[in-house]
Amino acid sequence: MRCMVHVPKKMSEMLKEFTVFSERLEHFILSFSAKTNPVNVTFDSNILRWSKKPHLGDFSVAAAVVARLKIKDNTAFTAALLQESRHWPLPIDSCILTDQGGLGFKLHRPSVFKKVLSAVLTESDNYGRFAAMEVDAEAPAGVGIVSGRLPRVETGTAAEDKQDLTLSQLRGLLLTEHLSALLETAGFQVSHLTPTTCSSDILDCFGIKAFQSSKSGATSSKESVKETKERLVRSASCCKFRTSGPGDLTSSGPRSSEDDPSSPNPAEINLDLRGFIVEEKLPLGKSGYDKNLQRVKVVLQDGSPSPVLAQCCLIEEGLNHTYPLPSRLIHVASQGACFQQQRVAFTWQLCSNRPTPGTICQYHLTHGPVATRRAESKEKKDVSAAELLRIREAQTREASVLKYGEEVQGEGWEQLIRRLTIAGLKFEMLGKQCGHMLKLELSNSRNSSTWPDSRDGVFVMYNYARLCTLFSHFDEEVTKGTYPSLPDIASLNFSLLREDQEWGLLFNYILQYPVMLSGCVADLLQTKGPHINIHTHRVCSFLVSLCRDLSSYYSHTHVLGEPRPHLIAVMFARLHLLKGVQQVLKNGLSLLNIQPLTQM
């Protein structure tokens, strides 16, 4: 894994220090090589990597890279590096030349423990969050999100979709919600340009609120919507890519009354999207736009806007309530609706009469379908979101009864089971790469190959509650006078934390949490193609991996020991480490809109 990350200027403090450290270490390596190597060596990518073998160092440089750099005098290199790194954000303790010829760098662990845990304590719920971005060329002011084929209320109407929410729709809604949280954490101002509504109680269960197109929740009047539609139709009628028949482009000259959208029976209007794509030299195919994009109907024969233009109207109305205007639009749609959403994106670009619609970059984030199955049956059956919730809730209740027996009854338990079920389903829906098909196992089999992924969410909730219980017990003992109060981090001796698992919790998770978050949305700042790759699955994977290592550490480490002076010092250091872990878990769960449990 590369160490360097592409991030905006106003990054979180810990990520900033880590980035500075990585840049300085890599610069030092290349500069030292230039002094001893007559041949100027360049690399297309970063040479520094996270080390997968802690005994060889925390960071490493591959043997092939070291060979090209011709760093042979490791003694001189190490002496110069230790002298240079004394004032770096993360000081280096040692450097070794591995048997394979690579370089390994170990950080000065006590200093890093203190610096990272102090940052977590200071930033608290904002740990990992970027500062809000300003409007400039490198830091986009905001991102508008356009949702395709989701439960939606047309502006000015009160009708709601009475159909059951499908699993694909639920995945799209959860993905949109999580995407918004990731972008806001990265410092973007997020606006939902196609507001959705909770069309069923199931969305209330998941805590999904109506997406508003503005922070103030302003909505458009019927007159405003009508005016916007008429304006888009007029723009389409004058568009140079309007087609008047089955094949030919209409000239952009004067229109007849038959083509006038303000007339009682305006003519049908179509736009030639393929002509626009060819003129703009836009890519087609796997990494570009759909090859089947040809013409799109904008106005029907009766003069009413087509569904494509209706969604363009929603985008326009959303932008009317958004300030500052976003520099990027992300269209979120299922694979089945991606083609239609590309037509919407092009139609809006051609019909919007905003001064610079072409300067707002548009991207497409596509999520795969959702399939269900039962291990004991080959029969495939469509399951609604409400039915899936009932199935998973019954499985969670059954597991609770097996563990706690007859205690599992009453309103308190029902609320607990519901919260665990919702958390589990969110991990299940968001824990896979969004572009892949999501396969849900409905059976309750204990076979590892069919074990539902919803257990991951329950596992994370359990570990968070475990930490809350630990600190509750500690506070009780402090009240009784068994232990003194937890001292400040600055007064602690973190050299007492000698276990590799303790260092792993800090280095692999607490330190890397801001790095992981920046990597989730880095593609938004780098991509040039129409398809964007937001790593929405990483937060779930990160939290599950963290809890596995935490559970392993906690199972063999007695944190609250006897109140002896030499044991209390270690206990305090461990408690501050676990407070850092607890904060990372809390912040990560908040990105999934999950309120953690304090006890189970």
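None of the values given here were measured: they were computed from a predicted structure.
- N593 places a side-chain N or O within 3.5 Å of a backbone atom of G207 that can act as its donor or acceptor partner.
- With hydrogens and angles disregarded, a donor-acceptor distance shorter than 3.5 Å links the side chain of Q395 to the backbone of L442.
- Using a 4.5 Å heavy-atom threshold, the side chains of L420 and L597 count as touching.
- Between P369 and R171, the shortest heavy-atom distance links the atoms O-NH1, 3.4 Å.
- Side-chain contact check for V539 versus L430: every heavy-atom pair is 4.5 Å or farther apart.
- Salt bridge annotation for E414-R397: present, with a cationic side-chain nitrogen under 4.0 angstrom from a carboxylate oxygen.
- The distance from atom CG of L182 to atom CG of L524, rounded to the nearest 0.5 Å, is 11.0 Å.
- Applying the ring pair (Phe, Tyr, Trp, His ring centres under 6.0 Å) criterion to Y464, with sequence neighbours excluded, gives no partner residue.
- At least one donor-acceptor pair closer than 3.5 Å links the side chain of Q311 to the backbone N or O of S147.
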- Query: Can you check side-chain hydrogen bond (donor to acceptor under 3.5 Å, both in side chains) on Q433 and H535, steps first, answer last?
  - Reply: CA-CA 7 Å; Q433 294 187 42; H535 302 287; 5.8 Å; no
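- For the residue pair Q340 / R343, a side-chain donor-acceptor distance below 3.5 Å is found, with atom types taken as modelled.
- No donor-acceptor distance shorter than 3.5 angstrom exists from the side chain of S352 to the backbone of Q349, with no hydrogens or angles considered.
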Distance-only check: which donor-acceptor pairs under 3.5 Å involve side-chain atoms of residues 578-591, not counting sequence neighbours?
{"unit_1": "Q583", "atom_1": "NE2", "unit_2": "S124", "atom_2": "O", "d": "3.4"}
{"unit_1": "Q583", "atom_1": "NE2", "unit_2": "D125", "atom_2": "OD1", "d": "2.9"}
{"unit_1": "Q583", "atom_1": "NE2", "unit_2": "N587", "atom_2": "OD1", "d": "2.8"}
{"unit_1": "K586", "atom_1": "NZ", "unit_2": "D125", "atom_2": "OD1", "d": "3.4"}
{"unit_1": "N587", "atom_1": "ND2", "unit_2": "S124", "atom_2": "O", "d": "3.1"}
{"unit_1": "N587", "atom_1": "ND2", "unit_2": "Y127", "atom_2": "O", "d": "3.3"}
{"unit_1": "S590", "atom_1": "OG", "unit_2": "N587", "atom_2": "O", "d": "2.6"}

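- Among residues two or more places apart in sequence or in another chain, the ring pair (Phe, Tyr, Trp, His ring centres under 6.0 Å) test is passed with F474 by Y483.
- Residues N463 and L543 have side chains not in contact (no heavy-atom distance under 4.5 Å, counting atoms from C-beta outward).
- With rounding to the nearest 0.5 Å, the separation of CD1 in I330 from CD in Q362 is 11.0 Å.
- Annotation: ring pair (Phe, Tyr, Trp, His ring centres under 6.0 Å) contacts of F206 (sequence neighbours excluded): none.
- Of the possible donor and acceptor atoms, one in the side chain of H558 sits under 3.5 Å from a partner among the backbone N and O of L560.
- The aromatic ring centres of Y509 and W503 sit 6.0 Å or more apart.
- Closest approach of C540 and K426 over heavy atoms only: SG-O, 4.5 Å.
- Atom CD1 of I391 sits about 11.5 Å away from atom OG1 of T396, to the nearest 0.5 Å.
- Residues passing the side chain to side chain donor-acceptor pair (under 3.5 Å) test with T557, sequence neighbours excluded: none.
- Atom-to-atom distance recorded for K229:NZ and C351:SG is 14.0 Å, nearest 0.5 angstrom.
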- Query: Run the side chain to side chain contact (heavy atoms under 4.5 Å, CB included) check on L15 and S518 step by step: do they pass?
  - Reply: CA-CA 9 Å; L15 180 58; S518 70; 3.8 Å; yes
- Task: Decide side chain to side chain contact (heavy atoms under 4.5 Å, CB included) for E177 and L174; before the verdict, give the C-alpha distance in whole Å, the side-chain angles of both, and the deciding distance to 0.1 Å.
- Result: CA-CA 5 Å; E177 181 184 56; L174 292 175; 4.1 Å; yes
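- Side-chain contact of D290 with Q342: a donor-acceptor pair under 3.5 Å is absent, judged by distance alone.
- Although no hydrogens or angles enter the test, the distance criterion places a donor-acceptor pair under 3.5 Å between the side chain of W413 and the main chain of E407.
- The aromatic rings of W50 and F507 sit perpendicular to each other, their planes meeting at more than 60°, with 30° as the lower class boundary.
- Of the inter-residue distances, the one linking L175 atom CG with L438 atom CG reads 11.0 Å to the nearest 0.5 angstrom.
- For the pair L416/V408, no side-chain contact is recorded, criterion being any heavy-atom separation below 4.5 Å from C-beta on.
- Between the T469 side chain and the A465 main chain, a donor and an acceptor come within less than 3.5 Å of each other.
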- Test log, rule side chain to side chain contact (heavy atoms under 4.5 Å, CB included), inputs L232 and E316: CA-CA 9 Å; L232 291 176; E316 279 289 293; 4.0 Å; yes
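- For the ring pair (Phe, Tyr, Trp, His ring centres under 6.0 Å) test, residues two or more places apart in sequence or in another chain that qualify with H331 are H364.
- A distance-only check finds no donor-acceptor pair linking the side chain of K291 to the backbone of L284 [under 3.5 Å].
- With 3.5 Å as the limit, one finds a donor-acceptor pair spanning the side chains of H192 and S180.
- Remark: the T228 side chain and the E317 side chain contain an N/O donor-acceptor pair separated by less than 3.5 Å.
- In this structure, OG1 on T176 lies 8.0 Å from CG on L365, to the nearest 0.5 angstrom.
- Put simply, the residue from E398, E441, E387, E428 that forms a salt bridge (charged side-chain N to carboxylate O under 4.0 Å, His left out) with R392 is E428.
- The closest side-chain heavy-atom distance from R466 to S551 is below 4.5 Å.
- Between F427 and F459, the gap from one ring centroid to the other reaches at least 6.0 Å.
- In terms of heavy atoms, V521 sits closest to A186 at CG2-CB, 3.6 Å.
- Formation of a donor-acceptor pair under 3.5 Å by the Q335 side chain with backbone atoms of M437 is not found in this model.
- Considering every non-hydrogen atom in both S541 and G431, the closest pair reads OG-O, 4.1 Å.
- Counting only distance, with no hydrogens or angles, the side chain of S306 and the backbone of K297 share a donor-acceptor pair below 3.5 Å.
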- For R419 and E393, run salt bridge (charged side-chain N to carboxylate O under 4.0 Å, His left out): C-alpha distance rounded to whole Å, both residues' side-chain angles, the deciding distance at 0.1 Å, then the answer. CA-CA 9 Å; R419 290 178 65 179; E393 202 166 29; over 6 Å; no
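- At a threshold of 4.5 Å between non-hydrogen side-chain atoms, the residues M429 and L167 count as touching.
- Across every non-hydrogen atom of P326 and G144, the tightest pair is CB-N, 3.5 Å.
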